[in-house]
Amino acid sequence: MFPIEKFHKLRTPFYYYDTELLRSTLNAIRDNLSADMHVHYAVKACANPKVLAIIAKEGFGADCVSGGEIEAALKAGFPADKIVYAGVGKSDREIELGLEAGIHAFNVESIPELEVINQLAKGKGKTARIALRINPNVGAHTHANITTGLAENKFGIDMQCMEEVIAIASSMEAIQFIGLHFHIGSQILDMDDFAALSLRINEIQNRMEAAGIPAVSDINVGGGLGIDYNQPDLHPIPDFCSYFNTYKQKLLLRPGQQLHFELGRAVVGQCGTLISHVLYIKSNPIKNFCIVDAGMTDLVRPALYGAYHQIDNLTAESPTDYVIYDVVGPICESSDVFIKNYGMPRTRRGDLVAFRSAGAYGEIMASGYNCRPLPEGYITEELQ
Ligand SMILES: *Cc1c(COP(=O)(O)O)cnc(C)c1O
């Protein structure tokens, strides 16, 4: 499964992206889409240029949350008219970049933002297509740091003010109001959450119709589909069938309406692995520490969210001789722990270990803390 011989020759830690799995995942998504459904890959999950280029080449759009991501998406070959751009704090420079590129839509999160986009578009003699990001007040059964669709979260426009904001948007000279946008959170595995969002959108569309507001062309339900971190080998590809069926069954589209998705984690999560060498095994009377050369600077999710990543020893001598380890990195922070009390085959200095399911929010969140170099990212084609 992994090109271990090649791995030995590379400086660790590094990310490895299994592009065969990535392509199978993209095919599984495509197989479940109907003609009115469009997937924009959420660039923030992984912006490795080689990974982006593959996703762009397969015909998907891009969901960006900064000007830098718009630039990365364009560079990787995503057509501008398949790029959507969300974010509570878009700067003038970033808005201008989107206008100049001619992106499909700005997902707008406030009235002041609407005013700035209108001003900047007018100044350029352009019209900005916008979708309003509505906070649907739908909770997602996921980590508090990654729920976004509750009234207490900073994202989106409150439902109570929706008609007012639509009226303002519709009156603006350089604004074309084309859609409604939602995003309720991340790593969601309970389809009921997406069903609840669908029902809320149905209510909102009924409310708009009752207020005499014409139906918009775009409904964008965001992303958030989770992956199986516990059993990556059993579930390398998320259950896209259930996910898309939930929307097909619960969400009532108006005639001609297009349904947009912004999937990040579900696209790239399982295809990426962080590869690291074991530096030292250190034992005291109560613990065995497995000290690896990857740290929270390379994969921050365990330190940030207490996230679990399966760790495989790729070069263990006797796979049945299990030992309990705390697997830790070299960073000078007590939170630089990948996992505590983890059973692994007896591990030695020099062994290669794989942190699985690290394709999303892995490499992209790497930092240079402790003056460490950023990890490289390699794809299958480079290691053949
Ligand atoms: C992060 C984000 C996504 C992608 O979320 P995933 O959980 O990775 O699918 C989609 N849309 C918006 C607006 C986001 O901020």
Side-chain angles (χ1 to χ4, degrees), residues 22 25-26 28-29 38-48 51-52 55 60-70 72-73 78 82-90 94 98 103-110 113 130-136 138 140-150 153-157 179-191 193-194 197 218-229 237-240 243-244 246-247 259-272 301 304-305 307 357-365:
L22 174 60
T25 306
L26 295 169
I29 293 174
H38 312 275
V39 171
H40 306 263
Y41 166 64
V43 172
K44 79 170 189 284
C46 173
N48 182 293
V51 171
L52 286 184
I55 300 170
F60 292 87
D63 162 47
C64 299
V65 293
S66 73
E69 286 191 359
I70 295 175
F78 288 95
K82 286 187 182 173
I83 293 178
V84 292
Y85 174 24
V88 285
K90 301 179 185 77
E94 291 176 308
I103 62 171
H104 175 67
F106 292 86
N107 293 329
V108 172
E109 310 220 7
S110 67
E113 180 192 335
I130 67 110
L132 292 177
R133 178 170 181 172
I134 308 293
N135 186 328
V138 169
H141 297 97
T142 183
H143 194 283
N145 288 3
I146 49 179
T147 99
T148 54
L150 286 174
N153 297 128
K154 69 178 176 182
F155 299 100
I157 292 164
L180 299 174
H181 173 238
F182 307 86
H183 177 65
I184 55 172
S186 199
Q187 184 53 20
I188 298 168
L189 291 167
D190 186 345
M191 295 304 128
D193 292 336
F194 300 117
L197 173 62
D218 286 28
I219 299 292
N220 183 335
V221 294
L225 177 63
I227 62 170
D228 189 347
Y229 283 99
I237 298 180
D239 185 0
F240 292 114
Y243 173 72
F244 289 115
T246 302
Y247 284 106
L259 182 54
H260 296 258
F261 297 86
E262 302 170 336
L263 291 173
R265 190 189 310 268
V267 178
V268 293
Q270 297 290 33
C271 79
R301 298 186 68 257
L304 193 60
Y305 309 126
S357 316
Y361 309 105
E363 183 183 0
I364 192 67
M365 290 181 105

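Note that ligands are numbered from 1 as they come in the structure, with each ligand's atoms numbered from 1 the same way. The basis for the numbers below is simple: all heavy atoms, side chains too, and nothing from hydrogens, waters or symmetry mates.
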Residues which pass side-chain contact (heavy atoms from CB on, under 4.5 Å) with Asp239, listed by chain and number, not counting sequence neighbours: Cys241, Ser242
Go through the structure and list residues passing ring-ring contact (aromatic ring centres under 6.0 Å, His included) with Phe60, not counting sequence neighbours. none
According to salt bridge (charged side-chain N to carboxylate O under 4.0 Å, His left out), who are the partners of Glu69, at least two apart in sequence or on a separate chain? none
Strictly by modelled atom types, are Asp63 and His260 linked by a side-chain donor-acceptor pair under 3.5 Å? no
Show me a pair-per-line table, with atom names and distances to 0.1 Å, of protein N or O atoms that are under 3.5 Å from an N or O of ligand 1.
residue: ligand 1; atom: 7 (O); partner: Ser186; partner atom: OG; Å: 2.3
residue: ligand 1; atom: 8 (O); partner: Arg265; partner atom: N; Å: 2.8
residue: ligand 1; atom: 8 (O); partner: Tyr361; partner atom: OH; Å: 2.6
residue: ligand 1; atom: 9 (O); partner: Gly224; partner atom: N; Å: 2.9
residue: ligand 1; atom: 9 (O); partner: Gly264; partner atom: N; Å: 3.0
residue: ligand 1; atom: 11 (N); partner: Asp63; partner atom: OD2; Å: 3.2
residue: ligand 1; atom: 11 (N); partner: Glu262; partner atom: OE1; Å: 2.6
residue: ligand 1; atom: 15 (O); partner: Lys44; partner atom: NZ; Å: 2.7

Return the CD1 to CZ distance between Ile29 and Phe261, rounded to the nearest 0.5 Å. 10.5 Å
Distance check, rounded to the nearest 0.5 Å: Lys90 atom NZ versus Glu113 atom CD? 3.5 Å
